[in-house]
Amino acid sequence: MARRERCSGCKLYLMVPPEAQSIRCAVCHTITNTNNAAIARWGHVHDSLIGQRRTSPHGSGTHAFPYVYGPHQRPPQPRPPLSPVSVHGRKRALLCGLNYYGKPYGLKGSINDVKCMRYLLVEKLGFPIDSILMLTEDEKDPYKIPTKQNIRKGLKWLVYGCQPGDSLVFHFSGHGDRQIDYDNDEVDGFDEALCPLDHDTEGKIIDDEINATIVRPLPRGAMLHAIIDACHSGTILDLPFVCRMNKEGFYIWEDQRKPSFYKGTSGGLAYCFSACDDNQVSADTTAFTKTSTRTGAMTFSFIQAVENEPGLTYGRLLNAMRNAIRDAKAGLRLSGPIATLVNKVFFGSTSQEPQLSSSYTFDIYSKRFVL
């Protein structure tokens with residue numbers, strides 16, 4: 001049997017195999033030496049995990065346990081912890097909301113977006129609250145501020161130790177951008193990018209990195225859903241296929257693949273709902289309630305569609321989101337449990353059209369949306 005030891009860096013409990021004398025934390029990567037006396041006490045216990053060894057995505061080790069090091073290896077200096085979120089469970093989510101306080105390009109609805117998304121995941125879709133990592137400017141923990149470094153760590157945390165049957169969610173609400181593609185892997189000649197809080201000094205996170213971090217490692221049987229409420233977000237995950245839908249609901253799959261560049265998964269399924277196409281911009285909206293709360297049009301329409309119609313297909317979900325945004329433009333009040341919860345509605349002048357991209361093609365009106 002495994003035992004629990006506190007990480008010497010972030011203080012989270014780690015599951016340690018009986019034979020291990022040191023172990024590396026999956027969150028902060030600090031190597032913790034275990035107590036020799038404890039090892040001696042556990043020496044007589046049969047190691048039921050020996051027959052369950054698998055290779056982890058980060059090297060050798062026992063399934064569910066990262067990298068067991070020998071006593072001759074000195075641990076490096078402890079690194080700052082990412083967050084108190086533990087790596088466990090079959091459902092996991094990374095939610096990033098950026099309002100860019102004090103900036104001339106500041107937003108007002110992005111943090112509201114991730115709060116609404118957390119409500120949906122926890123209250124309606126069965127995600128454990130401690131399996132959700134939320135990065136916003138409102139957080140007091142400096143390691144939960146959505147800087148470039150913290151978002152990168154969050155993306156790695158999201159897929160760490162991913163196994164068949166796992167359901168992962170990545171939600172980003174903030175600014176997006178595009179820049180010239182220098183490695184010639186983009187059909188349109190541009191890389192899409194997310195803008196962290198410190199992107200002015202540290203730079204953006206481009207789609208190539210996002211794909212390499214959370215798409216390509218996805219194993220067979222695992223599923224990733226990304227909901228990206230940002231400008232220029234159409235192919236932000238660089239998935240091989242993009243679903244193009246017209247106003248009547250007819251769709252075609254557009255092949256985004258280029259020879260010599262593999263952007264698919266390691267057998268898993270990856271889907272991305274984007275607020276708009278690569279050459280479009282998106283917007284948050286103003287509520288006409290007493291609170292005057294803002295929220296992203298795409299995020300809110302996604303949540304409302306999922307809440308109003310359980311068991312809907314991907315095609316029906318896209319249509320419901322598009323209809324919600326069009327109704328908002330016409331000044332019609334949106335309905336549903338989440339609308340009641342936050343007591344707000346849409347209006348705006350955005351021309352965005354939510355779209356879907358995927359790691360493979362399928363009939364969007366027969367395949368059901370499941371998180």
Side-chain angles (χ1 to χ4, degrees), residues 94-98 100 105 107 110 113-114 135 146-149 151-152 154-156 158-159 168-200 202-218 224-245 253-258 260-265 270-284 296-299 302 318 321 350-360:
L94 171 65
L95 314 180
C96 303
L98 297 88
Y100 309 94
Y105 47 79
L107 300 172
S110 295
D113 285 346
V114 295
L135 306 182
T147 62
K148 184 176 183 178
Q149 182 183 28
I151 294 176
R152 278 176 159 175
L155 291 171
K156 293 176 181 178
L158 183 64
V159 297
L168 312 178
V169 172
F170 172 44
H171 177 220
F172 180 93
S173 181
H175 281 304
D177 201 358
R178 62 195 317 220
Q179 60 191 48
I180 295 176
D181 168 33
Y182 292 105
D183 56 5
N184 197 34
D185 67 334
E186 298 283 350
V187 173
D188 62 358
F190 289 92
D191 281 320
E192 286 63 51
L194 300 179
C195 299
L197 190 61
D198 54 355
H199 69 92
D200 288 335
E202 300 301 319
K204 306 175 183 70
I205 303 175
I206 66 171
D207 50 8
D208 294 351
E209 178 180 349
I210 298 170
N211 179 277
T213 304
I214 64 174
V215 174
R216 272 181 271 175
L218 205 64
L224 167 70
H225 285 89
I227 302 98
I228 310 298
D229 204 340
C231 298
H232 310 295
S233 56
T235 61
I236 192 64
L237 261 64
D238 259 0
L239 295 176
F241 301 97
V242 174
C243 182
R244 303 287 186 188
M245 180 184 288
W253 284 101
E254 184 176 287
D255 193 341
Q256 297 279 317
R257 293 174 297 178
K258 293 196 70 175
S260 304
F261 293 95
Y262 180 70
K263 295 300 183 75
T265 68
Y271 310 94
C272 180
F273 290 91
S274 303
C276 57
D277 208 343
D278 288 340
N279 61 352
Q280 292 179 319
V281 296
S282 61
D284 54 14
M298 186 266 185
T299 296
F302 175 87
L318 278 177
M321 292 169 64
T350 175
S351 60
Q352 68 189 90
E353 290 285 351
Q355 69 176 45
L356 171 71
S357 55
S358 175
S359 54
Y360 75 110

Visitor: If you count the non-hydrogen atoms of other residues, nucleotides and ligands that lie under 6.0 Å from OH in Tyr182, is the total more than 12?
Guide: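 No, not enclosed.
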Visitor: Minimum heavy-atom separation for Ile228 to Cys272, with atom names?
Guide: CG1-SG, 3.8 Å
Visitor: Roughly how far, to the nearest 0.5 Å, is CD1 of Ile227 from OG of Ser173?
Guide: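 The CD1 atom of Ile227 is 11.5 Å from OG of Ser173, to the nearest 0.5 Å.
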Visitor: Measure the spacing between CZ of Phe190 and CG of Asp177 and express it to the nearest 0.5 Å.
Guide: 10.5 Å
Visitor: Counting only N and O atoms by type, is there a donor-acceptor contact under 3.5 Å from the side chain of Ser233 to the main-chain atoms of Asp229?
Guide: no
Visitor: What's the shortest heavy-atom distance between Pro240 and Ser359, and which atoms?
Guide: CD-CA, 3.7 Å
Visitor: With rounding to the nearest 0.5 angstrom, report the OG to NZ distance, Ser260 to Lys258.
Guide: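 Rounded to the nearest 0.5 Å, the OG-NZ separation comes to 9.5 Å.
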Visitor: Apply side chain to side chain contact (heavy atoms under 4.5 Å, CB included) to residues Glu254 and Val187 and explain how you reach the verdict.
Guide: CA-CA 11 Å; Glu254 184 176 287; Val187 173; 6.0 Å; no
Visitor: Answer whether the closest heavy-atom distance between the side chains of Pro146 and Phe172 falls below 4.5 Å.
Guide: no
Visitor: Considering only heavy atoms from C-beta outward, does the side chain of Asp198 approach that of Asp200 to under 4.5 Å?
Guide: no
Visitor: Determine the minimum heavy-atom distance between Ala230 and His175, stating which atoms define it.
Guide: CB-C, 4.0 Å
Visitor: Any heavy-atom pair between the side chains of Leu98 and Leu194 that's under 4.5 Å?
Guide: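 In short, these two side chains do not touch, never coming nearer than 4.5 Å.
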Visitor: How far apart are the closest heavy atoms of Leu224 and Leu158, and which atoms are they?
Guide: CD1-CD2, 4.2 Å
Visitor: Working to the nearest 0.5 Å, report the span between CG of Asp191 and OG1 of Thr235.
Guide: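 Output value for this atom pair is 8.5 Å.
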Visitor: Write down the atom of Leu94, the atom of Leu155, and the distance for their closest heavy-atom approach.
Guide: CD2-N, 3.6 Å
Visitor: What verdict does the side chain to side chain contact (heavy atoms under 4.5 Å, CB included) test give for Leu356 and Trp253, after you've listed the backbone C-alpha separation in whole Å, the side-chain angles of each residue and the deciding distance to 0.1 Å?
Guide: CA-CA 10 Å; Leu356 171 71; Trp253 284 101; 4.2 Å; yes
Visitor: Are any non-hydrogen side-chain atoms of Asp255 and Phe241 less than 4.5 angstrom apart?
Guide: yes
Visitor: Is Asn211 close to Leu237 at the side-chain level, that is, under 4.5 Å between some pair of heavy atoms?
Guide: no
Visitor: Tell me, do Val215 and Ile210 make a side-chain contact under 4.5 Å, heavy atoms counted?
Guide: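 The answer is no, as the side chains (C-beta and beyond) never meet within the 4.5 Å cut-off.
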Visitor: Looking only at heavy atoms, which two atoms of Tyr262 and Arg216 are closest? And how far apart?
Guide: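 That would be O-CD, 3.7 Å.
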Visitor: Rounded to the nearest 0.5 Å, what's the gap from CZ on Phe302 to NE2 on His225? Could you check?
Guide: 7.0 Å
Visitor: Do the rings of Tyr100 and His199 sit parallel, tilted or perpendicular, given the 30° and 60° boundaries?
Guide: perpendicular
Visitor: Applying side chain to side chain contact (heavy atoms under 4.5 Å, CB included) to Met298 and Asp113, what does each step give before you reach the verdict?
Guide: CA-CA 9 Å; Met298 186 266 185; Asp113 285 346; over 6 Å; no
Visitor: Are any non-hydrogen side-chain atoms of Leu239 and Lys263 less than 4.5 angstrom apart?
Guide: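 Not in contact.
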Visitor: Would you say the side chain of Asp238 lies within less than 4.5 Å of the side chain of Gln256, judging by non-hydrogen atoms?
Guide: no
Visitor: Report the distance from atom CG of Asp208 to atom CD of Glu192, rounding to the nearest 0.5 Å.
Guide: 9.5 Å
